Amino acid sequence: MIELVRRLPFRPPLDPSNLYGHLAATAVPGVEEWADGAYRAVVPLPGGPSVVTVGLPEADAVPVRLVLGEAADEEEALRRVRRTFDLDADPLEVDAALAADPGLAPLVAAAPGRRVPGTVDPEAMVLRAVLGQQVSTAAARTHAARLVAALGAPLEAPDGGLTRVFPRAADLVAAPERVAEVVRMPASRLRTLLGVAAALADGVVDLAADPRVVRAALLALPGIGPWTADTVLMRALGDADAFLPGDLGVVAAARRLGLPDAPRALEVRSRAWSPYRAYAVQHLWATGEHAVNAVPA
DNA sequence: CACGATCCGGCTA
DNA sequence: TAGCCGTATCGTG
């Protein structure tokens, strides 16, 4: 067990509200938590499960504490934190691109440096995206927590609320009846969950591939539509241009702002925001009253 | 393209 | 506790 403390630099500005807010509000009990003003998560790495603790941003860096199984995992652990907190973004370029649209300019001005929350565990994010179809973020969190409790490998050294590793796709494939027992949702969505798990486990969906390839592979699976595929691109692959024109929150925000709110028309308008449409999603979501939009008190 | 089924969990009254 | 909504998807007409 190796403990390391690091500071990860970023290009200011960085708006922490939706970034930390989203990660905290959707934190899955057992594998993630918000504690003492920091986001904490279990990260499956080659040398074994690790724990990352990420505090609120300072002027130009984010404080990180790593507890690793092996020192060799440091680089990968830090890479995942950078991805999760979008620390490699160029906020001046992103903000300038979005603010060129008068419809988005006020949102950018109100929250410069807004980031796109990612994930420390891309494979888990794919499964969570399916669990999040059509249900509230709170309900999605409940479903994921049940999956973790039933199928997540226990940590040798539980740490606060962090007790398990999020189940691997192969774990679901190996125990489909157990998945059906604990995840109470429509039969079609259960089939989708198991189908996605199988596709991940056998390489039909390869998260290391080009985002366009991943998107096509996901859309080919029954029960995976544009929302789920593009959520995966945005959150798990870090595709800055992923867009969710049919998302309930995005549509509602567009309507409030006087933007086109029909998904098709909104997709057309969004082309002007390319290649930073994922940031537009964040700005649009942030116009609503939702738990994901604020760092917990 | 519009619309209903899915059939659950969270939240409100 | 009844009833509606929730950061969807698919099949039908």
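All figures in this text were calculated on a predicted structure; none of them were measured in a lab. Sequence lines set the chain letters: A, B, ... in the order given, protein chains first and strands last, and positions in each chain run from 1.
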Reckon A/Arg235 touches a base, only the sugar-phosphate, or nothing at all at heavy-atom distances under 4.0 Å? nothing

If the condition is ring pair (Phe, Tyr, Trp, His ring centres under 6.0 Å), which residues does A/Phe166 pass it with, not counting sequence neighbours? none

Here the distance between atom P of C/dA8 and atom CZ of A/Arg128, to the nearest Å, is 15 Å

Checking A/Arg40 against A/Asp159 for the salt bridge (Lys or Arg N to Asp or Glu O under 4.0 Å) test, could you report, in this order, the C-alpha distance in whole Å, the side-chain angles of both residues, the deciding distance, and whether it holds? CA-CA 10 Å; A/Arg40 312 184 69 235; A/Asp159 183 348; 2.9 Å; yes

DNA chain B: 5'-proximal contact among A/Thr142 and A/Ala187 (nearest heavy atom): A/Ala187

At under 4.0 Å, does any side-chain N or O of A/Arg264 touch on OP1 or OP2 of B/dC1? yes

Nearest whole angstrom, please: distance from the C1' of C/dG6 to the CD of A/Gln133. 13 Å

Whole-Å P distance, B/dG9 and C/dC10: 22 Å

Are the charged groups of A/Arg178 and A/Glu181 less than 4.0 angstrom apart, N to O? yes

What is the nucleic acid contact for A/Arg141, judged by heavy atoms within less than 4.0 Å: base, sugar-phosphate only, or nothing? nothing

Consider side-chain contact (heavy atoms from CB on, under 4.5 Å). Of A/Leu131, A/Leu194, A/Val130, A/Thr142, which one does A/Val183 pass it with? A/Leu131

Take A/Asp86 and A/Arg115, measure what salt bridge (Lys or Arg N to Asp or Glu O under 4.0 Å) needs, and give me the verdict at the end. CA-CA 6 Å; A/Asp86 200 10; A/Arg115 306 296 165 113; 5.2 Å; no

Atom-pair distance (CG on A/Leu244; P on C/dT9), nearest Å: 10 Å

CG of A/Leu193 versus P of C/dT9: gap in Å, rounded? 14 Å

Would you give the length of the straight line joining atom CG of A/Asn18 to atom NE2 of A/His283, rounded to the nearest 0.5 angstrom? 8.0 Å

Any protein N or O atoms within reach of nucleotides 10-13 of chain C? Criterion: under 3.5 Å, listing atom names and distances.
unit_1	atom_1	unit_2	atom_2	d
C/dC10	OP1	A/Gly223	N	2.8

Closest non-hydrogen atom pair, A/Asp101 against A/Arg269: OD2-NE, 2.8 Å

Distance check needed: B/dC8 P versus A/Arg146 CZ, whole Å only. 11 Å

With the side chain of A/Thr228 defined as its heavy atoms from C-beta on, choose the nearest nucleotide among B/dC7, B/dC1, C/dT9. C/dT9

Contacts of A/Arg189 and A/His143 projected onto DNA chain B by closest heavy atom; the upstream (5') one is A/Arg189

With a 4.0 Å cut-off on heavy atoms, is A/Gln134 in touch with a base, just the backbone sugar-phosphate, or nothing at all? base

Please state the P separation for the pair C/dC4 and B/dG4 - nearest whole angstrom. 15 Å

Which one, B/dC8, B/dG10, C/dT9, comes nearest to the side chain of A/Pro186? B/dC8

Rounded to whole Å, CG of A/Leu190 lies from P of C/dA8 at a distance of 19 Å

Parallel, tilted or perpendicular, as decided by the 30° and 60° cut-offs, for the rings of A/Phe85 and A/Tyr39: perpendicular

Could you state the atom-to-atom distance from CZ of A/Arg191 to P of B/dC7 in whole Å? 9 Å

What's the CG-C1' distance between A/Asp247 and C/dG6, to the nearest Å? 11 Å

Which is true for A/Val250 with a 4.0 Å heavy-atom rule: it touches a base, it touches only sugar-phosphate, or it touches nothing? nothing

